[in-house]
Amino acid sequence: MPRRATRPLVLTVLATALLAGCAVAPPERLSTQDLLAHDQSDRGAMFAQQEPLSGPVTLDEAIARAVKYNLQQRLALMERALEDNLVDVQKQGMLPKLTARAGLRTRSNDYGSSSESLATGAQSLVPSTSQEREGETADLQLSWNVLDFGLSYFGAKAQGNKALAAEERRRRVVADIIRQTRSAYWNAVTAERLKDRVSSTLAEARQTLEYARQTEEKRLVAPILALRYQRDLLNMVRQTEALENELAQAKARLATLMNLPPATDFTLALPDEGQLAPPRLAYALNDLEALAMVRRPELREESYLARNAVLETRMSILRLFPNAQLFGGLNYDSNKYLANNNWADAGVQVSWNLLNVLSWPAISRAGESREEVAVLRRQALRMTVLSQVHIAWLERERAESAFTRANELSRLQDAIQVQTENAARNSAETHLELVRAKVETLLATRARDLSYAELVNAQNTVYQAAGIDPLPERIADESLASLARDIAETNRLIERGHVDVPRLAQTDAPAATPVALAEPAAPAPAAPPARRNVSGSPWNHLGSVAGAGAEPAAVQALPVSAR
């Protein structure tokens, strides 16, 4: 092809490439209809495939719905699944690479060359060619890079640790959801129980306030007495309205945790008020500390990430070594001048950047610092966890004392209301005092129920601080009823102290030495009955709640007797 003919072709190709690069338009803004379509799609997915409400919701069912349908739990599960998939992606880098290539080539003139004598500088061979103007090539190459294999190996192990850390984050999310659900449930129970009483008392207070205003207008009492009367009634109305608004929000918060639309109308299974007894804490503080040191998701997550600090150091050191690449393949070339158009080749190629050796001291120091930081971070977190266990323990004691006082005040206020009603029927008390007694009884009942909710929340905070999993080891099936039953059984075992406390096994026991006893030794306690261990292997439907890894061999579990 003549040179003049090739210039328009080259210019055309360049112009086309330039226009194609300039043709990329900025993305369009989302329209209102697009946003509405996204909203409709998301809402359909948010509440899809959920078992409908079939009756009053119990505490166990509320927890089961929160665990199974809560969006935060779903997000944590998807993050865990993503980390698991990334482990498989990292493992692919350890495999050899099999590359298939094919191509076409052409040129405007013949490929030719001649030779020149080194002695005389004269041309010693007429121009000749050994390649066609047009040709086809293809090859299939198998190569394996030793350095990439090592880096991918450590990368896969690091990603596996990240997957285990994601599981611990999911455990933390689930425990927090369950704790919030229990607290919201008892607040909603109070709302359900006091709803009718609040409405009737509020209506009576408003009616009495209107009567007081009419009394002031008619000048039936002294103005200062009428104003004080209205002021007291307005304060009662305000307190009752605030209580009504607070109770109305309680069920909406519970519905959100159960992943129900906030406006869903549902009823709760109301427990008997006589059952509001302080729950018993069946674990000593030392046992809770031992449990926290082994079971807390934050500590496990930090331990897994600390492993990656060591792996990162090894990967940095590995990059300093020579790189060897093995290859072999099949090749094809359509060039007619070749004696062999098909051939196979194989070989090895070694390369090494010698200047990398100079980086060894810096990499070694950085690796040691990285590992020390990981250890110190874990120790700092361990101190935080110990503090949380102690604070949760003290908060639980305070909550139990507060509930005892609130329960006693509620009982006294009920008796005061009864006496006030009797006195009002005999005209010994004014209607204002009767309304006041009813409002104060409502507030005292609400304070008692709130104190009980705080006590239950404090109890669960203790369990969460100790890392005790509120979910069962496995479930019978995927139904909501089965999950609720298993959660109830697990909670019953936890409340009775049937959680094994880990102890460090003594591998080399010291020789027994005689010890003089001032008093006769007490008889050995009876062996504790067999108990079910709450933690264990993962179950498939909702993910592991006890951690993906088994306990270390040097740690053994000793049962705790119910206290």
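For the numbers below, each heavy atom of this structure counts, side chains included, while hydrogens, waters and symmetry mates do not. Quick caveat: nothing in here was measured; it's all calculated off a predicted structure.
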Is the shortest heavy-atom distance from the side chain of [X] to the side chain of [Y] under 4.5 Å?
X: Leu318; Y: Arg314; result: no
X: Ile317; Y: Trp360; result: yes
X: Gln180; Y: Arg253; result: no
X: Phe154; Y: Thr313; result: no
X: Tyr463; Y: Glu495; result: yes
X: Glu289; Y: His390; result: yes
X: Asn356; Y: Arg319; result: no
X: Leu305; Y: Asn308; result: yes

Euclidean distance, [Y] [atom2] relative to [X] [atom1], rounded to 0.5 Å:
X: Leu443; Y: Arg448; atom1: CG; atom2: CZ; answer: 13.0 Å
X: Leu311; Y: Leu151; atom1: CG; atom2: CG; answer: 12.0 Å
X: Glu489; Y: His498; atom1: CD; atom2: NE2; answer: 10.0 Å
X: Asn323; Y: Asp148; atom1: CG; atom2: CG; answer: 6.5 Å
X: Ser364; Y: Leu320; atom1: OG; atom2: CG; answer: 10.0 Å
X: Leu450; Y: Asn457; atom1: CG; atom2: CG; answer: 11.5 Å

From Arg378, Arg296, Arg377, residue fulfilling salt bridge (charged side-chain N to carboxylate O under 4.0 Å, His left out) relative to Glu302 = Arg377
ask   = With sequence neighbours left out, what residues match Val418 under side chain to side chain contact (heavy atoms under 4.5 Å, CB included)?
value = Asn422
Would you call [X] and [Y] a salt bridge, taking side-chain N to carboxylate O under 4.0 Å as the test?
X: Glu368; Y: Arg365; answer: no
X: Arg446; Y: Asp449; answer: no
X: Arg398; Y: Glu395; answer: yes
X: Glu400; Y: Arg396; answer: yes
X: Arg65; Y: Glu61; answer: yes

ask   = Which residue pairs pass the salt bridge (Lys or Arg N to Asp or Glu O under 4.0 Å) test with at least one member in residues 303-313, sequence neighbours excluded?
value =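 For residues 303-313, and leaving out neighbouring residues, the salt bridge (Lys or Arg N to Asp or Glu O under 4.0 Å) pairs sorted by first residue read Glu312-Arg370.
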Ignoring hydrogens, what is the shortest heavy-atom contact between [X] and [Y]? Give both atom names and the distance.
X: Ala444; Y: Ser410; answer: O-CB, 4.0 Å
X: Arg295; Y: Ala466; answer: CB-O, 3.9 Å
X: Ala165; Y: Glu301; answer: CB-CG, 3.6 Å
X: Pro470; Y: Thr490; answer: O-CG2, 3.9 Å
X: Val57; Y: Met258; answer: CG1-SD, 4.1 Å
X: Asp60; Y: Ala488; answer: OD2-CB, 3.1 Å

query = Does the pair Leu281 and Trp393 meet the rule for a side-chain contact (heavy atoms from CB on, under 4.5 Å), with working shown?
reply = CA-CA 10 Å; Leu281 187 59; Trp393 177 276; 3.4 Å; yes
inquiry  = Quick one, Val189 with Leu270, criterion side-chain contact (heavy atoms from CB on, under 4.5 Å). Give me CA distance, side-chain angles, the key distance, then yes/no.
reply    = CA-CA 6 Å; Val189 163; Leu270 302 180; 4.1 Å; yes
request  = Determine the sole option in Arg170, Arg171, Arg172 for which the side chain to side chain donor-acceptor pair (under 3.5 Å) test with Glu168 is passed.
outcome  =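 Only one option passes, and that is Arg171.
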task = Kindly indicate, with the supporting measurements, whether the criterion side-chain contact (heavy atoms from CB on, under 4.5 Å) is fulfilled by Leu254 and Phe266.
result = CA-CA 11 Å; Leu254 179 60; Phe266 63 95; 4.1 Å; yes
With no hydrogens and no angle check, is any side-chain donor or acceptor of [X] less than 3.5 Å from a backbone partner on [Y]?
X: Asn145; Y: Leu147; answer: yes
X: Asn407; Y: Phe403; answer: no
X: Thr420; Y: Ile416; answer: yes
X: Tyr304; Y: Gly160; answer: no
X: Ser183; Y: Arg179; answer: no

remark   = Checking Thr441, Val439, Leu412, Leu442 against Gln417 for side chain to side chain contact (heavy atoms under 4.5 Å, CB included), the one that qualifies is Thr441
key: Distance-only donor-acceptor check, side chains Gln464 and Gln388, under 3.5 Å   =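 Looking only at side-chain atoms, Gln388 and Gln464 do not form any donor-acceptor pair under 3.5 Å.
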message = One pair to check against salt bridge (charged side-chain N to carboxylate O under 4.0 Å, His left out): Arg405 and Glu408. What are the steps and the verdict?
response = CA-CA 5 Å; Arg405 300 291 179 269; Glu408 182 67 16; over 6 Å; no
inquiry  = One pair to check against side-chain contact (heavy atoms from CB on, under 4.5 Å): Ile487 and Ile178. What are the steps and the verdict?
reply    = CA-CA 10 Å; Ile487 288 176; Ile178 292 178; 5.7 Å; no
